[in-house]
Amino acid sequence: MNCAITRPSNVSNRLLSIDALRGIVMLLMLLDHVRETFFLHMQVPDPMIAGETPADLFFSRFTAHLCAPVFIFLTGLSAYLYGSKKTYSQLATSQFLFKRGLFLIILELTLINFAWTFQLPPAKIFLQVIWAIGFSMIALAILLWLPRWLLVVLTVLLIAGHNLLDTLHFPTDHFMHIPWAILHDRGWIEITDSIKARTSYPILPWIGLIIFGYLAGSWFTESCNQQQRLKKLNCWGVGLLVGFICLRTINIYGDKPWILAGSWLDTVMSFLNITKYPPSLLFIMLTLGIGLLLLRLLELKQNLPWLKPLVTYGSVTMFFYILHLYILKFLYLIAVAIWGTNQGEYFGFDHVAMIWLVTIILAILFYPFVKLFSQFKARRKDLIWLKYL
């Protein structure tokens with residue numbers, strides 16, 4: 001997966017495909033967060049219970065599996081492109097990654113967590129995807145100094161080997177409980193008698209994924225022409241999907257076993273029912289395989305007019321992330337005030353189709369604001385703080 005490390009050529013054109021893929025990911029994330037806002041009465045565990053989850057809800061949730069792994073992979077890829085510019089040294093790249101990672105962690109603990117809970121001070125702190133991205137960036141800031149061959153070894157160990165640790169747990173009174181909950185074992189951390197934190201995104205495999213993205217950044221340098229790059233994206237994408245099918249079929253490693261169910265649809269759902277928290281080897285193989293093939297397709301089609309909105313969404317992801325969380329929270333509170341809690345403890349839609357309809361409407365309504373901020377960001381490159389968004 002190696003190409004010579006040189007300054008990217010025609011990066012602006014290739015970044016259209018990267019931003020377009022980010023845009024797809026953000027819209028799928030919007031779909032999933034609409035589900036989490038207005039379908040809480042039908043909560044789904046991780047992994048889902050295939051035989052008890054309606055197919056429309058199962059596949060709506062399944063589409064969102066693409067979001068985190070593709071985004072963190074692209075974060076590593078973008079970090080490589082950032083460091084490949086002649087104006088930035090390796091030290092400058094490391095410092096930027098460390099500072100931005102720390103910024104994201106603080107953002108998760110404050111503004112983003114408040115958007116989920118609307119509690120101040122919070123009783124619960126949810127350490128979710130922005131936390132995982134921030135921690136992964138800090139790890140990459142340190143690890144990028146290692147030789148490339150060692151980064152390859154680390155990537156394989158963290159992505160392919162972490163499922164060997166699935167049975168390792170520590171009780172809450174053990175000194176390893178907190179670090180292990182952060183690294184691999186999703187759980188609760190008691191901060192004080194009144195505040196506790198949920199490590200929703202254990203970070204160990206995500207670090208492997210951001211390193212993989214960083215290594216793949218060399219595909220986007222001038223030493224790799226478009227034909228070579230498309231070939232690499234195709235080979236890795238197809239290879240990961242074929243590997244997923246083979247490893248999933250033999251049912252011996254990489255995730256919880258699947259079963260032959262009473263119908264073909266339930267069997268397919270069981271086969272695709274993979275674990276996100278933390279992401280299993282099979283989860284990463286399937287989602288990243290799809291993501292790499294999408295990136296290839298978007299590079300081939302990146303000049304088509306209908307991709308421009310996706311590129312716009314993908315150019316200001318943090319702005320959109322924060323905006324949509326607060327809008328969804330306010331919409332939920334308005335709905336409760338008007339219709340009450342019509343689904344037990346929650347207000348919720350009656351049908352999954354409403355999740356898709358509301359997502360489409362919101363994506364259209366959000367677009368003018370996203371476009372304005374994207375134009376502002378492109379116009380004001382002198383504002384350093386915009387790089388953090």
Side-chain angles (χ1 to χ4, degrees), residues 25-26 28-46 48 57 60-61 64-65 67-68 71-72 100-136 172 177-178 181-183 185-203 206 276-278 317-349 354-355 358-359 362 365-366 369 388-389:
V25 164
M26 297 309 288
L28 291 176
M29 176 207 67
L30 176 62
L31 172 69
D32 197 47
H33 288 174
V34 171
R35 177 194 64 81
E36 288 191 333
T37 302
F38 295 108
F39 229 69
L40 276 177
H41 56 288
M42 288 285 289
Q43 298 185 34
V44 292
D46 177 69
M48 292 177 277
L57 179 57
S60 295
R61 170 59 176 158
H65 283 346
C67 299
F71 196 90
I72 292 180
R100 192 167 192 268
L102 186 61
F103 169 77
L104 292 179
I105 291 173
I106 294 172
L107 201 62
E108 180 80 271
L109 296 174
T110 54
L111 194 62
I112 293 174
N113 193 73
F114 181 72
W116 287 107
T117 65
F118 265 35
Q119 293 179 344
L120 199 63
K124 297 176 182 177
I125 298 174
F126 296 96
L127 308 176
Q128 302 191 86
V129 65
I130 303 303
W131 152 277
I133 296 172
F135 237 116
S136 297
T172 55
H177 171 71
I178 293 177
I182 292 172
L183 289 171
D185 196 9
R186 190 186 196 201
W188 290 97
I189 298 173
E190 299 288 340
I191 300 175
T192 68
D193 291 339
S194 58
I195 302 176
K196 58 182 179 179
R198 171 74 160 172
T199 56
S200 300
Y201 276 71
I203 63 172
W206 299 117
K276 182 179 181 180
Y277 307 109
T317 52
M318 182 54 66
F319 170 79
F320 175 64
Y321 187 84
I322 296 173
L323 175 67
H324 94 283
L325 286 181
Y326 278 90
I327 295 299
L328 284 177
K329 189 65 175 183
F330 282 120
L331 288 177
Y332 180 80
L333 295 175
I334 292 170
V336 171
I338 297 174
W339 294 290
T341 52
N342 65 336
Q343 303 282 358
E345 299 179 7
Y346 307 101
F347 168 81
F349 300 145
M354 284 295 295
I355 299 175
V358 169
T359 300
L362 287 176
L365 294 177
F366 280 136
F369 301 98
Y388 292 86
L389 296 176

Quiz item: Of the non-hydrogen atoms in Glu345 and Thr341, which two are nearest, and what is the gap between them?
Solution: O-CG2, 3.4 Å
Exercise. Test side-chain contact (heavy atoms from CB on, under 4.5 Å) on Ile322 and Leu107 and set out the steps.
Key: CA-CA 10 Å; Ile322 296 173; Leu107 201 62; 3.9 Å; yes
Quiz item: Taking all atoms of both residues into account, what is the closest heavy-atom pair of Asn342 and Gly348, and its distance?
Solution: OD1-N, 2.9 Å
Self-check item: Distance, nearest 0.5 Å, that separates CH2 of Trp131 from OG of Ser136
Solution: 10.5 Å
Quiz item: If you measure from CZ on Phe135 to CG on Leu102, what distance do you get to the nearest 0.5 Å?
Solution: 10.0 Å
Practice problem: Write down the atom of Phe126, the atom of Ser200, and the distance for their closest heavy-atom approach. | Solution: CD2-OG, 4.3 Å
Quiz item: Any side-chain heavy-atom pair from Leu57 and Arg35 closer than 4.5 angstrom?
Solution: yes
Quiz item: Who are the ring-ring contact (aromatic ring centres under 6.0 Å, His included) partners of His177, not counting sequence neighbours?
Solution: none
Quiz prompt | Validation row: Phe349, Val358 side chains within 4.5 angstrom (heavy atoms) | solution = yes
Quiz item: side-chain contact (heavy atoms from CB on, under 4.5 Å) between Lys276 and Tyr201: does it pass, once the steps are laid out?
Solution: CA-CA 9 Å; Lys276 182 179 181 180; Tyr201 276 71; 3.1 Å; yes
Quiz prompt | Close side-chain approach of Ile182 and Ile189, heavy atoms under 4.5 Å | solution = yes
Exercise. Determine whether more than 12 heavy atoms belonging to other residues, nucleotides or ligands lie under 6.0 Å from atom CZ of Phe118.
Key: yes
Exercise. Under the side-chain contact (heavy atoms from CB on, under 4.5 Å) rule, what do Phe71 and Val129 come out as? Steps first, then yes or no, please.
Key: CA-CA 10 Å; Phe71 196 90; Val129 65; over 6 Å; no
Quiz item: Partners of Asp185 by salt bridge (Lys or Arg N to Asp or Glu O under 4.0 Å), sequence neighbours excluded?
Solution: none
Practice problem: Mind checking the OG1-CD1 spacing from Thr110 to Ile125? Nearest 0.5 Å is all I need. | Solution: 10.0 Å
Self-check item: From CE (Met318) to CG (Leu104), nearest 0.5 Å
Solution: 5.0 Å
Quiz item: Restricting to pairs with a member in residues 186-203, which pass salt bridge (charged side-chain N to carboxylate O under 4.0 Å, His left out), not counting sequence neighbours?
Solution: none
Quiz item: How far apart are the closest heavy atoms of Ala132 and Ile203, and which atoms are they?
Solution: CA-CG2, 4.2 Å
Quiz prompt | side chain to side chain donor-acceptor pair (under 3.5 Å) partners of Thr359, counting only residues at least two apart | solution = none
Quiz item: Considering residues at least two apart in sequence or located in another chain, which fulfil the side chain to side chain donor-acceptor pair (under 3.5 Å) criterion with Gln43?
Solution: Tyr346
Quiz item: Distance from Leu31 atom CG to Leu362 atom CG, nearest 0.5 Å?
Solution: 11.0 Å
Quiz item: Can you check whether Tyr277's main-chain N or O pairs, donor with acceptor, with Asp46's side chain at less than 3.5 Å?
Solution: yes
Practice problem: Kindly indicate, with the supporting measurements, whether the criterion side-chain contact (heavy atoms from CB on, under 4.5 Å) is fulfilled by Thr172 and Trp188. | Solution: CA-CA 9 Å; Thr172 55; Trp188 290 97; over 6 Å; no
Quiz prompt | Minimum heavy-atom distance Pro278-Pro202, with the two atoms named | solution = CB-CB, 4.0 Å
Quiz item: Checking Gln343 side chain against Phe39 main chain: does a donor-acceptor pair fall under 3.5 Å?
Solution: no
Cut-off 3.5 Å, no hydrogens considered: what does the side-chain donor-acceptor table look like for residues 324-339, sequence neighbours left out?
| unit_1 | atom_1 | unit_2 | atom_2 | d |
| --- | --- | --- | --- | --- |
| His324 | ND1 | Phe320 | O | 3.3 |
| His324 | ND1 | Tyr321 | O | 2.7 |
| His324 | NE2 | His33 | ND1 | 2.7 |
| Tyr326 | OH | Leu111 | O | 2.7 |
| Lys329 | NZ | Trp116 | O | 3.4 |
| Tyr332 | OH | Phe347 | N | 3.2 |

Quiz prompt | Interatomic spacing from CG in Asn113 to NZ in Lys124 - rounded to 0.5 Å | solution = 11.5 Å
Quiz item: By side chain to side chain contact (heavy atoms under 4.5 Å, CB included), which residues pair with Thr192, not counting sequence neighbours?
Solution: Ser194, Ile195
